[in-house]
Each structure stands twice: as C-alpha cells, then as structure tokens.
2 protein chains.
Amino acid sequence: MDNTQMIKDELIKHNIKPSLIRIKVLEYLKSTKEHPNAEKIFKKLSKDIPTLSITSIYNALKLFVGKGVIKEIMIQEEEIRYDGANERHAHFKCIKCNKLYDLKLKCRSCLEVTDLNKVKILDEHIYLVGICKKCIKKETDL
Amino acid sequence: MDNTQMIKDELIKHNIKPSLIRIKVLEYLKSTKEHPNAEKIFKKLSKDIPTLSITSIYNALKLFVGKGVIKEIMIQEEEIRYDGANERHAHFKCIKCNKLYDLKLKCRSCLEVTDLNKVKILDEHIYLVGICKKCIKKETDL
DNA sequence: TTTTAATTTTGAAATCATTACAATTTTAAA
DNA sequence: TTTAAAATTGTAATGATTTCAAAATTAAAA
Ligand SMILES: [Mn+2]
Ligand SMILES: [Mn+2]
Ligand SMILES: [Zn+2]
Ligand SMILES: [Zn+2]
C-alpha cells in the first residue's frame with residue numbers, strides 16, 4: 001500500500017474526512033523529525049498548494065490534536081510545535097539551536113509518580129531542555 | 001528567621017536585588033500550590049500595592065526564571081503558569097477544572113531516556129494530563 | 001544634606017501566534 | 001442539475017507577553 005493511502009486510512013480511522021490539505025499536513029508531519037510549527041508547515045505546503053491559507057493549517061492541526069492523531073509540543077516557547085509520531089517518547093530541546101530531538105524511553109513505565117490513584121491519565125509530556133551535542137562541540141571548538 | 005527574610009536571602013543568593021515587588025511575587029509563589037499565571041499574581045498583589053503594574057509582574061517573573069529561582073509551566077495552554085517550588089517534581093493538569101497538581105516522582109532517576117550521551121541537561125518538565133479525582137466524582141454523581 | 005547616577009516601576013503601545021467568523025469554493029448527495 | 005453540507009480562504013479580532021520611554025525610587029558620591 002502506498003504512503004498516501006496509509007495517511008488516508010489513518011485519517012478515516014480517526015473519523016476525519018481525508019481532504020487534500022489534511023492529507024498533505026499529516027503526510028508532512030509523518031515524514032519529518034523536525035517537529036514543525038504551523039508557520040513552517042504552511043510554508044512547506046504552500047509550494048504545492050499556492051492558494052493555501054494558514055487558517056487551513058491551523059484548522060487541520062487543531063482537528064488532528066482533538067482526534068488524537070498528532071500531539072502538541074510546548075517547551076518554553078511562545079509557539080506550538082507538532083509531532084506526527086505516535087509511539088510514546090520524550091523530547092529534548094536545545095536552547096542554542098532550538099532543535100527538538102526525540103528521546104527513547106527505556107522502559108514502559110519508567111516514569112513513576114505517586115498520588116495517581118483515582119486519576120484518569122489521558123496524555124503525557126516529557127521534556128528535557130539543555131544543549132545538544134553539536135552545540136556543545138561548537139562552543140568548545142571556539 | 002522570618003519568612004520575608006528567607007525570601008530576601010533567596011533572591012540575594014541568586015543575585016537579584018530584593019525590591020518590594022520581587023519579594024511579594026516570590027513570597028506569593030512560595031506560599032501557594034496553585035501555580036498561578038501572571039494575571040493571578042497581579043490581581044493578588046494589587047490588593048496590597050494599588051499602584052502595581054502588570055509589567056512589573058512580568059519583569060519579576062522573567063528575571064526569576066532566568067536566574068533559576070522559579071520554573072515556567074506550559075501544559076497545552078496559551079498561558080504560562082509559574083511554580084515557586086524547587087524540588088524536582090512532576091505535574092498533573094486536569095482538563096475539566098484546569099487545576100494543576102504536583103506529583104511526587106518515586107525515585108531519583110525513574111525517568112530513563114536513551115540517546116543522552118554528550119548532551120547537557122539543564123531542565124526537565126514532566127507533565128501528565130487527564131481528569132482529577134474530584135472531576136471524575138462530579139461526572140459519576142450526575 | 002544635596003547632587004547625581006543607576007535601578008526599578010509604570011503605562012501605553014506594539015507584537016505575534018492563534019482564533020473567530022463570514023464569504024467563497026469544493027464535495028457529495030438527491 | 002439542484003441543493004445541502006463540509007472545507008477552505010482571508011480578514012479581523014483576541015489576548016498573553018514584550019517593548020520602550022518616561023516617571024519614580026533607591027543608592028552612591030560629593
Ligand atoms: Mn517527537
Ligand atoms: Mn509544582
Ligand atoms: Zn543545539
Ligand atoms: Zn479536575
């Protein structure tokens with residue numbers, strides 16, 4: 001099955017009608033590791049769809065988040081970034097280059113918190129902030 | 001030593017001149033568990049300081065965050081909330097009542113992620129989102 | 001104590017990501 | 001084809017935060 005069909009199926013599975021824009025947005029989010037913001041997605045897709053409006057990007061993203069297709073990421077920033085990957089994982093944000101890296105969690109429930117009885121968990125966000133390898137190297141090379 | 005003196009000392013320890021507003025902001029943040037936003041802090045302190053400007057609140061908060069006195073919390077919201085507690089802990093946000101609860105982490109390094117060699121970690125945010133006890137009870141009582 | 005400079009606070013305006021909304025276009029059903 | 005529903009667009013509004021310059025306060029120097 002080709003990639004576009006898989007994207008369509010995922011949308012349908014979440015009760016979302018697979019319009020062109022929605023397919024393109026999800027396709028892009030699934031294809032990249034950069035965790036783009038709405039602006040970046042807009043600029044990328046505008047090349048193919050010249051009539052595109054940024055409102056449509058926001059519409060699609062909000063719909064996706066509401067239906068659980070993608071996740072919002074907000075780490076010490078004024079803007080929301082989006083993640084199309086749906087395996088459980090953590091994020092690392094470099095304060096020098098602003099890149100957002102994926103981090104694998106070692107075990108299924110390696111995050112253990114108390115006080116969680118009778119509480120219904122719907123979502124989880126694990127963010128680390130610091131300086132990435134490349135930026136550390138850049139600093140020491142000076 | 002009285003509480004205000006402790007607040008002053010903490011500010012001085014972080015190279016912050018302990019002005020009245022700064023003392024009041026930190027004092028309030030240390031005294032509450034509600035993780036207030038700038039607006040809430042402003043309203044609270046305005047009662048005692050009628051000439052207070054909300055810009056001063058933002059100034060103090062930004063200064064504190066930069067110096068590591070307090071932490072910013074951003075969970076799926078358009079607004080920043082602030083935390084004066086400095087022991088390592090996680091947060092739980094109830095999507096029904098918007099309350100922000102503290103969660104104790106069971107062990108020192110119970111969050112284990114791979115891919116962290118050569119990376120400098122400066123900060124950590126662990127957020128869970130869901131429905132709190134009280135709101136679950138409210139729903140089932142209907 | 002006065003003078004002076006540095007710091008803090010204030011208030012109004014600007015910023016900017018996101019949302020609201022109504023008009024237009026597209027899609028799909030009848 | 002006609003008609004209704006859904007999706008897309010563009011513009012205006014929103015609202016939290018920031019900018020910035022003036023005013024007030026504080027601290028240091030004379
Ligand atoms: Mn990710
Ligand atoms: Mn807390
Ligand atoms: Zn970096
Ligand atoms: Zn609740």
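Chain A is the first sequence line, chain B the second, and so forth, proteins listed ahead of strands; every chain is numbered from 1.
Counting to the nearest Å, the P atom of dA7(D) and the CG atom of Asn15(A) are 12 Å from each other. We find that CD1 of Ile49(B) is positioned 15 Å from C1' of dA24(D), with the value rounded to whole Å. Atom CG of Leu45(B) is separated from atom C1' of dT10(C) by 15 Å (rounded to the nearest Å). Atom CD1 of Ile54(B) and atom C1' of dT10(C) are 12 Å apart (whole Å). Nucleotide dA16(D) holds its P atom 15 Å from the CD atom of Glu72(B), rounded to whole Å. Note: CG (Leu61(B)) to C1' (dA16(D)) measures 13 Å, nearest angstrom. The CG-P distance, from Leu20(A) to dT25(C), rounds to 18 Å in whole Å. Taking atom CD1 of Ile57(A) as the reference point, atom P of dG10(D) lies 12 Å away to the nearest angstrom.
If you check every strand for non-hydrogen atoms under 4.0 Å, Leu52(B) touches sugar and phosphate atoms only. Counting any heavy atom pair closer than 4.0 Å across all strands shown, Ile21(B) reaches sugar-phosphate atoms only and no base atom.
Between dT26(C) and Ser19(A), no contact under 4.0 Å exists linking OP1 or OP2 to a side-chain N or O. At the phosphate of dT17(D), OP1 or OP2 sits under 4.0 Å from a side-chain N or O atom of Tyr58(B).
A donor-acceptor pair is defined here as one N or O able to donate and one able to accept, closer than 3.5 Å; such a pair exists between the side chain of Ser46(B) and the backbone of Phe42(B). A donor-acceptor pair under 3.5 Å is formed between the side chain of Arg22(B) and the backbone N or O of Lys17(B).
Taking the side chain of Ile80(A) as heavy atoms from C-beta on, and the options dT18(C), dT18(D), dT10(C), the nearest nucleotide is dT18(C). Residue Lys17(B) has its side chain nearest to dT7(C) when only dT18(D), dA16(D), dT7(C) are considered. Nearest to the side-chain atoms of Asn59(B) among the listed nucleotides dT18(C), dT9(C), dT9(D) stands dT9(C).
The aromatic rings of Tyr127(A) and His91(A) are tilted relative to each other, their planes meeting at an angle between 30° and 60°.
Each of Ser56(A) and Thr55(B) was matched to the nucleotide of DNA chain D holding its nearest heavy atom; the match closer to the 5' end belongs to Ser56(A).
The distance from the CG atom of Asp83(B) to the CD1 atom of Ile70(B) is 8.5 Å, given to the nearest 0.5 Å.
Salt bridge absent: Lys99(A) and Glu34(A) never bring a charged side-chain N and a carboxylate O closer than 4.0 Å.
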